[in-house]
Amino acid sequence: MTVRGMDGHDAVSGSGTAGSDAAGRRAADDPVTTEGGAGGGATRALILDAALASFRERGYDRTTMRGIAQSAHVSLGNAYYYFDSKEVLVQEFYATIQEGHRRRAAEALQYAAFADRLRGVLHAGIDEMAPYHAFAGSFIKMAILPSSPASPFSGESTAAREAAIGLFREVVEDSAGGISETLARDLPELLWLAYLGITLFWVGDRSPDQIRTRRLVDTTTRLISRLLPLSRLPGLRSVTADIHALLVEMRQPTPQATQATPRRGSRAR
């Protein structure tokens, strides 16, 4: 079965099962490279690199699967073999950014103090995203839609989201004191949400080298590190419980809207 890609071409749906047309293109254009074959990993990497270059140079909206295939020197059918659509490539982009963020954050995680660890990890994230600042706005327009698979809260983004929260969990768990056990369980997710807010600010930051975002990171780090010890005070423990309850509520799936059936004899309005 095939589905219509975002650039208007038929894409392969499912987990590697091609439609007849796409299968014919693969057989004719690239008979050796198959998923799991010797050249599969290299071909996948070529396509991803071409997509990232296109995102960076042309932006999301102007990038097409056909253009990606041409840049990677593979057939269009082969490009769809590995990536069903641009949305799937966006998830690969998220994974690439997350891997780079973790590598850059390794040095910051050697510090003992929470403030130093958090500041370093936040700056590392901005460093990793820097080459993509010019087209980040086109991603935000897509990712901000609740129904978009590119949303950081979508099911498709689960792996990238959990990896990001896991990085902030490392910031919290191995830092030196000052954080209550009750707050520590929710703090990684709260820090990730704060990081999303910083990222949104960074997208619109037109200052040289996004210096305003750098200042925001430093100020946010100071504020959070000063507030954390307050969570141990008896009068503020209920606030910590309220924060936990709020996060639990946020994690609940959104109920599907249902159309009410009018009762017999009632008039529709």
Side-chain angles (χ1 to χ4, degrees), residues 3 5-9 11-12 16 26 29-30 33 35-36 39-106 121-145 148-164 166-167 192 195-196 198-200 202-205 209-210 213:
V3 295
M6 288 189 69
D7 56 359
H9 300 288
V12 179
R26 287 202 305 277
D29 297 333
D30 199 1
T33 301
E35 189 171 19
T43 303
R44 183 182 179 89
L46 281 173
I47 296 169
L48 179 58
D49 287 346
L52 295 181
S54 183
F55 287 153
R56 183 171 57 249
E57 296 166 6
R58 300 179 180 86
Y60 178 81
D61 293 334
R62 295 176 59 194
T63 294
T64 65
M65 290 295 290
R66 183 176 296 277
I68 291 169
Q70 290 174 346
S71 297
H73 304 292
V74 301
S75 68
L76 180 60
N78 208 8
Y80 275 129
Y81 186 94
Y82 292 99
F83 302 100
D84 287 356
S85 64
K86 285 199 297 185
E87 292 97 330
V88 176
L89 279 162
V90 167
Q91 295 303 327
E92 291 287 337
F93 171 70
Y94 287 168
T96 300
I97 290 292
Q98 189 57 46
E99 290 170 4
H101 187 183
R102 178 169 289 277
R103 286 194 299 270
R104 290 177 183 270
V121 168
L122 292 176
H123 278 299
I126 301 301
D127 290 338
E128 183 63 24
M129 294 188 297
Y132 305 99
H133 184 263
F135 75 88
S138 64
F139 267 60
I140 290 296
K141 287 191 298 183
M142 172 185 56
I144 205 168
L145 298 173
S148 172
S151 167
F153 302 98
S154 70
E156 291 83 352
S157 298
T158 297
R161 180 172 61 252
E162 291 182 349
L167 180 56
W192 173 69
Y195 178 59
L196 289 183
I198 291 171
T199 301
L200 185 60
W202 168 82
V203 169
D205 187 358
D209 297 322
Q210 292 74 58
T213 302

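We number each residue from 1, following the sequence as shown.
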Kindly say whether [Y] contributes a backbone atom to a donor-acceptor pair with the side chain of [X] at under 3.5 angstrom?
X	Y	result
Lys86	Thr63	yes
Ser54	Ala50	no
Ser157	Ser154	no
Gln91	Pro149	yes

Give the minimum heavy-atom separation between [X] and [Y], together with the two atoms involved.
X	Y	value
Ile47	Ile68	O-CG2, 3.6 Å
Phe83	Glu92	CE2-CG, 3.3 Å
Leu46	Ala72	O-CB, 3.8 Å
Ala143	Tyr94	CB-OH, 4.0 Å

Does [X] reach the side chain of [Y], with side-chain heavy atoms less than 4.5 Å apart?
X	Y	value
Leu76	Gln70	no
Asp84	Tyr80	no
Val121	Arg104	no
Pro152	Trp192	yes
Ile144	Leu200	no

How are the rings of [X] and [Y] set to each other: parallel, tilted or perpendicular (split at 30° and 60°)?
X	Y	value
Phe135	Phe55	tilted
Tyr195	His101	tilted
Phe93	Tyr132	perpendicular

Does the side chain to side chain contact (heavy atoms under 4.5 Å, CB included) test come out yes or no for Leu89 and Met65, once each step is laid out? CA-CA 10 Å; Leu89 279 162; Met65 290 295 290; 3.6 Å; yes
Should Glu156 and Val90 be marked as a side chain to side chain contact (heavy atoms under 4.5 Å, CB included) after you check the CA-CA gap, both sets of side-chain angles, and the distance that decides it? CA-CA 10 Å; Glu156 291 83 352; Val90 167; over 6 Å; no
With no hydrogens and no angle check, do the side chains of Ser151 and Ser148 hold a donor and an acceptor under 3.5 Å apart? no
Within a 6.0 Å radius of atom CG on Asp49, are there more than 12 heavy atoms belonging to other residues, nucleotides or ligands?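 Check passes, neighbour count above 12.
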